[in-house]
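Report on the following structure.
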Number of protein chains: 2
Amino acid sequence: MVTQEQAVIRAVTSIDVARLAGVSQSAVSRAFSPGSSISDQTKQKVLAAAESLGYRPNRIPAIMLSGRSCMVGVVIGGLENPFYATALERLATALRENGLQVLLMHVDDALTLDNALDQLVSYRIDAIVTSLAIGSKTVAQALSRLRIPVVCFNSSLVGPWISTINSDNHGAGFAAAHLIMEKGRVRPVWLAGPERNAASLARGEGFLQGLQQTGASHIELTRLQGDDTYDSGYEAMLSLKRQGIRPDSLFASNDMMACGAMDALREEMDLRCPDDVIMLGYDNIPQAAWRSYDLTSFDQCTGKMVARALELLEKAFQAKDSSHSHTHIIDAKLIERGSTRLPL
Amino acid sequence: MVTQEQAVIRAVTSIDVARLAGVSQSAVSRAFSPGSSISDQTKQKVLAAAESLGYRPNRIPAIMLSGRSCMVGVVIGGLENPFYATALERLATALRENGLQVLLMHVDDALTLDNALDQLVSYRIDAIVTSLAIGSKTVAQALSRLRIPVVCFNSSLVGPWISTINSDNHGAGFAAAHLIMEKGRVRPVWLAGPERNAASLARGEGFLQGLQQTGASHIELTRLQGDDTYDSGYEAMLSLKRQGIRPDSLFASNDMMACGAMDALREEMDLRCPDDVIMLGYDNIPQAAWRSYDLTSFDQCTGKMVARALELLEKAFQAKDSSHSHTHIIDAKLIERGSTRLPL
DNA sequence: TTGTATGCGTTATCAA
DNA sequence: TTGATAACGCATACAA
C-alpha cells in the first residue's frame, strides 16, 4: 500500500515560507516580485524554502490591493460554429500573451446574459470581450451599467464603455455582388443569418446595394432566411425547390449555411457548383477549404480583429475614464476557391 | 455634447452602501447572502441603496476567507477540432450550472504547460479539467504537484490527485473491426492519430484485436499515421495511392481525418464510399452528419462524460483529501450512417 | 537591503 | 435581528 501523504489542511502561505527561510514575510513577497530590491542571498534562501514547501504565490490578495484582477470575461455563444471556436482560440492566446486570463462565459441565449454578467463582475474582471451578435438595446444598457470596458465583435451595440470591432460586412456583401455580376449570373440568392444579427444585416444590405449598382434590370434576387446553421442552409434550398426556383448564384451570410446549401443543391436539386450555381460564404471556416465544398469565402482576419481588441483593452486600462466608445472596421479578405471558379 | 459622468476612481464597496442605507456593513453582506438572518425592512433599505450606487458584491475577499474560488481551470488544446469545441461548450455550461466559473487556458503544446499551470494556480482555482491527450509522465507529475483535483478526458495520465474519464476507446475499436468484418471486407486500413495520443493508441489496439479475433488469415491490415487533422487524412490516402494499395475499408481515429480520407478517395483515387470503401470515424462531430460525408462514427457521449466529471469534482470538493485517483470508462455509441451502409 | 505595520473588501464569530 | 471585530494572504509605505 502506498503511504498517503498528510492531507492538506491549509494552503502554504508566504508566512510559512518566511518562517522556514528565517526572513520576514515581505522578503518572500519581494523574492517573487521581479524588480524589487532584494539581495541575491535572501532571494535564494526564500526560493529554496518555497520550493521545499511547494509554495505558489497567491494572486487573490493582489487583486484586492491593486483593484485589477488581470482577468477578462469572454462572453461567447455558438461554439459549434468552427468560426467562433477558432476565434476563441486566437483570442485566448492573445490575452494570455498579454498577461490576461480568460474567464469564459458561454451563453445559449440573451435571456441568461444578465445573470451571467453579474457573475462575471463579481469576480472583478477588468473588461469584457464578447462575440454575441445580439443587437438589442437592453443588452447594451446591461453592459454599460457595469462600468468596465467592453469590446464587441461584429455587433451593433453602442453606448458608453462599449467599443466595437466589426468585419467590413457591408463592403464584403458589395464585393460578393460584384463577383456574381462579373460572372454573368442573373438569378442570385441571398441567404441571411438570424434576423437580429447585425453582421448578417450589413452583409445583406451590401449585397443588395452591389446588385443594384451593377445589375441591369433583369436581376431577380431571391432572399431566404436561415439561422447560421448547416441545417438551415440545407432547408433553405429545399424551400427553393418547392417554389420551383432554380438559382444560378448564392451568397450566404456564413459558411455553415453555404455548406448546407451546397449539399442540398447536389443531393436534392441535381445542381452542381460552380457549373450551375456559384457560391460564396463568410467566415472562411476550415471546412470551406475541404475538398467536398471548396467554398469561396470572406475571411474576417480574426488575427487582426483580436490584435485590435487588445490595443483597445490596453488603452482602456491606462485611461482613468475609459467610457469613451470606439468603432473599428476590419477589411474582410476574399478567399477565392472552386465554388466561384467557372470552367473554361 | 453629452455630459460625461464622473470617472470612477474606486469601485463601490459594501461600506458605501452601508453608509447610504444607514446600516452596518454586516447588514449589507447579509442582504446579499441568501438565507442569512435579516429583516425584510433592512434588506429592502440595503438593496435600494445598492441599486442607487450601482453596487455589485465582490467575490474576491470571499475567496481569501473561504479558500475556495469556485473557479475551475479548463486546459484545452485544439479548438479547431469541432469535437473539442462542442465538448468545451458542454463543459462550460455544466460548470456554470454548478456554480463554477471557467478559467480557460488554451495551450498549443505541452511545452508551455508548466508555465500555464502556474498562472492558473496563482488564481487559486479549485480544480483543473483538461482534455489534453499528452501521455507524458512529466505532465502527470506537474499536475500532481499542484495538489488540487485534476480531471482528465481521454488521457492515460495517472498519479495522485488525477482522475481520468475515458471513452471506451478499446471497445469501440473492437466494434469497428467487427462491423468491417461483417461486411466481408478484407483490406482494412487503420488511420491512427498522433503517436503519443493515448486515446488513439487504445482505439488502434481494440481494432487490431477485433480483426485478429474475427478475421480469417486473409486479412491484410494497413496502418497509417495521421495527426488528427483533415489534411493528414487526405495525405494518408495519397500515400496509399503511391503504394498502389486499394483499401476496401477504413477506421480513422477521428472524424476530421476520416473526412480528409474520404475526400482523397473520391478526388484522387476514384474510390467511392461506401461502395468501394466503407469508413468509420470517431467523435461524431457535426460534419460527420453533413451530407457530403454521411460518416459512421463513434459518439463519445460528451454529455455523460461531463456529468461524470462534475460528480468527481463535487466529491473532491467535499473530501478533505482528494488525492485519490479514479478512472472511469464511458461507452461510445456507434452512430451508423451511409459510409457503412452497403447498397442492396 | 530588510523588517514592521497597515490596508484591501468581504464573511464569520461573537456580543448586544 | 443587528453591529463590532477579527481574519483571509499579500503588497506597499515607512522605519530601521
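Chain letters run A, B, ... following the sequence lines, proteins first and then strands; every chain starts at 1.
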Pairing residues for B:R19 by the salt bridge (Lys or Arg N to Asp or Glu O under 4.0 Å) criterion, not counting sequence neighbours: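 B:R19: no salt bridge (Lys or Arg N to Asp or Glu O under 4.0 Å) contacts found.
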Salt bridge (Lys or Arg N to Asp or Glu O under 4.0 Å) partners of B:R308, counting only residues at least two apart: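 With neighbours one apart ignored, the set is B:E311.
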Rounded distance (Å) that lies between atom C1' of C:dG7 and atom CD1 of B:I15: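 To the nearest whole Å, that distance equals 11 Å.
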Distance test, side-chain N/O of B:S14 to OP1/OP2 of C:dG9, below 4.0 Å: no
Sugar-phosphate only, base, or nothing, as touched by A:T13 at under 4.0 Å among non-hydrogen atoms: sugar-phosphate
Any residue of residues 27-44 of chain B with a heavy atom less than 4.0 Å from an atom of DNA chain C: B:S29
Sub-4.0 Å heavy-atom contacts from residues 61-69 of chain A onto DNA chain C, ordered by number: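 The stretch gives A:M64, A:L65 as the residues lying under 4.0 Å from the strand, ordered by number.
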Polar pair under 3.5 Å, donor/acceptor by atom type, side chain B:S26, base C:dT11: no
Nucleic acid contacts of residues 117-125 of chain A, taken as heavy-atom distances under 4.0 Å to DNA chain D: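 Going residue by residue through residues 117-125 of chain A, none turns out to have a heavy atom under 4.0 Å of DNA chain D.
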Between A:E80 and B:T86: side-chain donor-acceptor atoms closer than 3.5 Å: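 B:T86 and A:E80 do not have a side-chain donor-acceptor pair below 3.5 Å.
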Contact boundaries on DNA chain D for chain A, cut-off under 4.0 Å to non-hydrogen atoms: D:dG9 to D:dT12
Non-hydrogen atoms of A:A21 and A:A49 that approach each other most closely: CB-CB, 3.8 Å
